[in-house]
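Side chains included, hydrogens not; waters and symmetry mates left out as well; all remaining heavy atoms used. In listed order, ligands and their atoms are each counted from 1.
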Amino acid sequence: MEQKMKAVVLHAPGEYQVELVDIPQPGYNEVLVEIRSIAICGSDPGIFAGKVRKDGWPPHYPFIAGHEFAGRVAAIGEGVSNLKPGDRVAGEAHSGCGTCEMCKQGLYNLCMNYGHSGHHHYGHAHPGCYAQYQVYDQKALTVMPENVTYDEGAMIDTGGTAFNGIRLIGIVPGGWTAVIGPGPMGILLAQMAKAMGSKTIVIGYRDHDRLSVARELGVDHTIETTEVADVVEEVRRLTGGRGADRSFDCAGAGDTLDELIRMTAKNGKVGVIAYPKVPTTQEALYYMVKNQITVQGVRANPNCSLPLLGMIGHGKVNARRLVTHTFPIEQTEQAFDTFINHKDGAVKVVIHPNGEEENE
Ligand SMILES: [Zn+2]
Ligand SMILES: [Zn+2]
């Protein structure tokens with residue numbers, strides 16, 4: 001194997017370039033992955049721009065970001081028991097220490113040893129996937145079904161977070177699920193909710209293209225907020241006056257959490273996946289208490305890869321349609337521009353750092 005690889009290396013806030021760096025070597029329990037597909041996450045532009053350094057992302061420069069990927073096992077380190085060279089794998093961002101109170105419950109997204117003692121948060125606190133190769137703890141990788149492509153596998157981290165939200169508050173079969181935010185996560189979540197027997201509503205703001213993709217993928221109703229007088233009233237109208245049984249915030253913009261609480265049915269539940277940007281009003285909190293509504297925070301995607309890969313493999317969730325653009329790693333800047341500015345109807349933008357091959 002050649003000893004150098006191409007990687008997108010961050011050198012300072014907003015400063016990055018594609019350059020040749022050493023291929024990392026897998027240590028104990030680690031796997032070297034040849035990255036086939038990298039999906040740009042909504043959080044990546046902030047990490048690239050140095051806007052989340054208060055959270056330690058990135059912890060230092062130079063740094064390789066990126067956490068949504070799929071690839072092929074190139075080599076394994078000592079102690080790796082579940083993977084072998086050639087395996088096709090999908091990755092996730094969090095890998096826990098394995099021994100703390102949270103990890104022992106399977107909640108490695110909440111590992112108490114964040115950033116040390118064997119915990120990894122790839123692409124945030126530890127080097128990530130904007131490269132031709134990267135090493136991962138074997139716990140961060142899941143073998144993909146034969147019929148799932150690398151591009152679909154790169155959607156597992158985003159989709160897994162949506163799945164975690166559903167697992168935490170459930171879906172009501174025969175009921176209604178409302179989702180604010182028609183990005184990849186919101187559209188994946190709506191497809192899962194529909195597959196579980198709920199009617200679905202996806203809500204967007206100045207996002208006609210993405211809402212039409214949502215409808216194409218089977219979402220029952222979409223609401224463009226600029227076209228209705230009151231989005232809460234519109235959800236109540238669609239649901240026969242009762243509101244949505246389950247509501248999810250996949251946008252985190254403006255007062256979306258307030259709206260979500262108020263569009264939720266009595267005794268319903270709200271899953272908050274995106275970080276709220278404005279304080280919740282007393283009016284919404286009053287409504288929450290009066291109507292016995294549960295508001296559940298959702299972080300990342302522990303143990304969600306396998307079920308979601310299954311849903312994609314079984315044809316219950318269409319992740320492929322959401323990949324609207326692909327670029328080689330040399331065009332990372334163009335890929336980011338396309339993703340950030342929703343150019344040409346962009347939904348999910350994927351980078352192929354090792355060229356094209358069949359079944360991508
Ligand atoms: Zn992500
Ligand atoms: Zn832990």
Are Lys4 and Asp22 within salt-bridge range, i.e. N to O under 4.0 Å? yes
Closer than 4.0 angstrom, basic N to acidic O: yes or no for Arg237 and Glu234? yes
Looking at Glu68, which of its N, O or S atoms is the nearest one to the Zn ion (ligand 1)? OE2
Do [X] and [Y] have side-chain N/O donor and acceptor atoms under 3.5 Å apart?
| X | Y | result |
| --- | --- | --- |
| His352 | Asp151 | yes |
| Glu15 | His11 | no |
| Gln334 | His325 | no |

Enumerate the protein N/O/S atoms at a distance below 2.8 Å from the Zn ion (ligand 2), ignoring waters. Cys97 SG, Cys100 SG, Cys103 SG, Cys111 SG
Run through Leu188, Val213, Leu217 and flag the one making a side chain to side chain contact (heavy atoms under 4.5 Å, CB included) with Asn318. Leu217
